[in-house]
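Residue numbers begin at 1 in each chain, while the letters A, B, ... track the order of the sequences.
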Number of protein chains: 2
Amino acid sequence: MMLQSWIDQLKRNGHKVTAPRRKLLQYLDGRDAPFTAEEIYGELSATGVGRATVFRTLKLLQDVGVLVRVHLEHGCQHYQAAPGIPGDTHHHDRIICRECGDIALLDQCPMRSDVSDIARRSGFRIQGHHLDLYGICSSCEELPTKDD
Amino acid sequence: MMLQSWIDQLKRNGHKVTAPRRKLLQYLDGRDAPFTAEEIYGELSATGVGRATVFRTLKLLQDVGVLVRVHLEHGCQHYQAAPGIPGDTHHHDRIICRECGDIALLDQCPMRSDVSDIARRSGFRIQGHHLDLYGICSSCEELPTKDD
DNA sequence: TTGCTTGCAAAAGCTTTGCACCCAC
DNA sequence: GTGGGTGCAAAGCTTTTGCAAGCAA
């Protein structure tokens with residue numbers, strides 16, 4: 001679904017659409033939760049894609065805005081498809097499920113309108129923000145609670 | 001200032017207060033911005049502290065709650081003293097300077113009061129959040145702008 | 001064709017582990 | 001005195017780089 005627009009995005013930036021890139025994008029297309037380089041390599045190596053290519057492609061896809069690196073509570077080498085909102089590539093407030101790692105995007109920024117004022121008291125000029133909400137998604141809420 | 005309470009925290013958890021640990025805590029005490037293991041090793045190695053000890057101690061201090069790992073835009077192996085606010089160890093909204101990396105804590109949570117409502121539309125039950133504002137601090141603002 | 005891409009393997013970082021010695025309690 | 005803690009060096013992992021061969025445009 002997003003596949004074609006991602007491919008266009010690559011072309012638009014002057015990059016070739018090669019087999020490994022296509023495979024990586026296909027993987028991305030079928031996946032919503034964040035993944036690590038290791039995970040995707042585990043998946044793609046079977047089809048002959050090299051480790052280095054995975055890293056290079058992940059970096060490339062970040063550069064053209066297809067991927068974003070996400071910073072989870074438990075580590076930060078995770079990647080995820082960037083939300084397809086034109087002109088808004090860098091503002092995606094998220095909700096992350098602590099059980100299953102599922103991520104949803106907020107349809108509305110939950111920041112107060114006077115954020116800049118609050119910030120200015122600290123002497124900062126605000127340029128942007130990065131917000132993750134943490135909680136439990138509906139699917140996990142329904143499951144019998146397993147404590148760990 | 002925090003030094004003594006951190007030392008107590010170590011003892012309370014059954015750990016010894018050794019010279020390297022004391023040095024690391026002293027470093028922490030005089031520092032507010034996040035630092036990496038490398039930075040602190042660079043600082044402490046001159047006094048004879050080994051690399052492994054730095055990593056082991058950082059992990060230990062996280063375990064007892066003195067340190068938290070922070071997740072910055074550009075990487076996540078950063079550590080910082082946990083805010084000494086009892087019962088609020090995990091809620092520190094921050095402002096981070098994109099120039100110098102300096103970090104300030106917000107004195108007020110800039111989230112709207114209806115966050116939970118917004119989130120609930122995604123089917124999530126919200127437990128907490130992690131917010132970083134990004135911008136330019138006053139010191140850097142004053143410097144002649146250097147583009148890179 | 002042409003130069004961007006790739007896979008391999010080696011290198012480079014960063015973090016952990018093994019081990020004998022040491023010191024806070 | 002004793003067991004946890006330490007420094008050193010080597011090992012382990014993850015990520016990057018070099019290079020000749022391959023392939024999309």
Side-chain angles (χ1 to χ4, degrees), chain A residues 3-4 6-28 34-64 66-72 74-80, chain B residues 3-4 6-28 34-64 66-79:
Chain A
L3 226 193
Q4 193 52 52
W6 289 336
I7 289 176
D8 293 343
Q9 213 157 334
L10 274 181
K11 288 181 180 168
R12 209 177 310 127
N13 283 273
H15 301 287
K16 294 181 179 170
V17 179
T18 63
R21 289 175 183 177
R22 205 178 282 272
K23 287 175 192 165
L24 208 152
L25 289 176
Q26 276 165 350
Y27 175 91
L28 242 192
F35 52 86
T36 62
E38 194 192 343
E39 277 179 82
I40 205 166
Y41 173 64
E43 199 77 18
L44 298 191
S45 61
T47 73
V49 177
R51 210 188 335 260
T53 302
V54 168
F55 282 100
R56 280 185 289 226
T57 306
L58 286 175
K59 179 169 287 180
L60 174 70
L61 293 179
Q62 279 181 87
D63 288 346
V64 302
V66 166
L67 275 183
V68 291
R69 197 172 198 164
V70 298
H71 305 260
L72 302 183
H74 49 284
C76 99
Q77 305 306 64
H78 290 247
Y79 301 85
Q80 190 182 29
Chain B
L3 227 191
Q4 193 52 53
W6 288 337
I7 289 176
D8 292 344
Q9 214 156 334
L10 274 180
K11 287 182 180 168
R12 210 177 310 127
N13 284 273
H15 300 288
K16 292 181 181 171
V17 179
T18 64
R21 289 175 182 176
R22 204 178 283 271
K23 286 175 193 167
L24 207 152
L25 289 175
Q26 276 164 350
Y27 175 91
L28 242 193
F35 52 85
T36 61
E38 193 191 344
E39 277 179 84
I40 206 166
Y41 174 64
E43 199 78 19
L44 299 191
S45 60
T47 72
V49 177
R51 211 187 336 261
T53 301
V54 168
F55 283 102
R56 281 184 288 224
T57 306
L58 286 176
K59 179 169 285 177
L60 174 69
L61 292 180
Q62 281 181 84
D63 288 346
V64 302
V66 166
L67 277 183
V68 291
R69 198 171 199 164
V70 298
H71 306 261
L72 302 183
E73 269 180 336
H74 48 284
C76 99
Q77 305 306 61
H78 290 247
Y79 302 85

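Mapping B/Val17 and A/Gly50 onto DNA chain C by nearest heavy atom places A/Gly50 at the nucleotide closer to the 5' end. Toward the 5' end of DNA chain D, the nearer of the two residues A/Ala19 and B/Arg21, judged by each one's closest nucleotide, is B/Arg21.
Rounded to an integer number of Å, the gap from CG of B/Leu61 to C1' of D/dG5 is 13 Å. For the pair A/Lys11 NZ and D/dA25 P, the interatomic distance rounds to 6 Å; values are reported in whole Å. Following rounding to the nearest Å, B/Asn13 (CG) and D/dG4 (C1') show an atom-to-atom distance of 15 Å. Across the protein-nucleic acid pair, B/Asp63 atom CG and D/dG4 atom C1' stand 15 Å apart, rounded to whole Å. Distance B/His15 NE2 to D/dT6 C1': 16 Å, rounded to the nearest Å.
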Would you sort out whether B/Val17 and B/Leu25 count as a side-chain contact (heavy atoms from CB on, under 4.5 Å), showing the intermediate values? CA-CA 10 Å; B/Val17 179; B/Leu25 289 175; 5.9 Å; no
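Counting non-hydrogen atoms under 4.0 angstrom, B/Gly14 reaches nothing in the nucleic acid.
Taking 4.5 Å as the limit, every side-chain heavy atom of A/Tyr41 sits out of range of all side-chain heavy atoms of A/Leu58. Using a 4.5 Å heavy-atom threshold, the side chains of B/Glu39 and B/Tyr27 count as touching. With a 4.5 Å cut-off on side-chain heavy atoms, B/Thr18 and B/Thr53 do not count as touching.
Here the straight-line distance linking atom NZ of B/Lys16 with atom CG of B/Leu60 works out to 13.0 Å at 0.5 Å rounding. The line from CG of A/Leu24 to CD1 of A/Ile40 is 3.5 Å long, rounded to the nearest 0.5 Å. Here the CD-NZ distance, from B/Gln62 to B/Lys59, works out to 8.0 Å after rounding to the nearest 0.5 Å. Separation of atoms CG (A/Leu28) and CG (A/Leu61) is listed at 7.0 Å; rounding is to 0.5 Å. Atoms CH2 and CG, from A/Trp6 and A/Leu67 in turn, are 7.5 Å apart once rounded to the nearest 0.5 Å.
Overall, the helix from C/dT1-D/dA25 to C/dC25-D/dG1 carries an axis bend of 50° between its ends, with five pairs at each end and the value rounded to 10°.
Scanning DNA chain C 5' to 3' for nucleotides with an atom closer than 4.0 angstrom to a non-hydrogen atom of chain A gives a first and last hit of C/dG3 to C/dA9.
In this model, a donor atom of one side chain and an acceptor atom of the other lie less than 3.5 Å apart for B/Gln4 and B/Asp8.
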Give me, pair by pair, the N or O atoms of the protein and of nucleotides 15-23 of chain D that are less than 3.5 Å apart, along with how far apart they are.
unit_1, atom_1, unit_2, atom_2, d
D/dG18, O6, A/Arg56, NH1, 3.4

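With A/Arg21 as the fixed residue, the side-chain contact (heavy atoms from CB on, under 4.5 Å) test singles out one of A/His15, A/Arg56, A/Gln26: A/His15.
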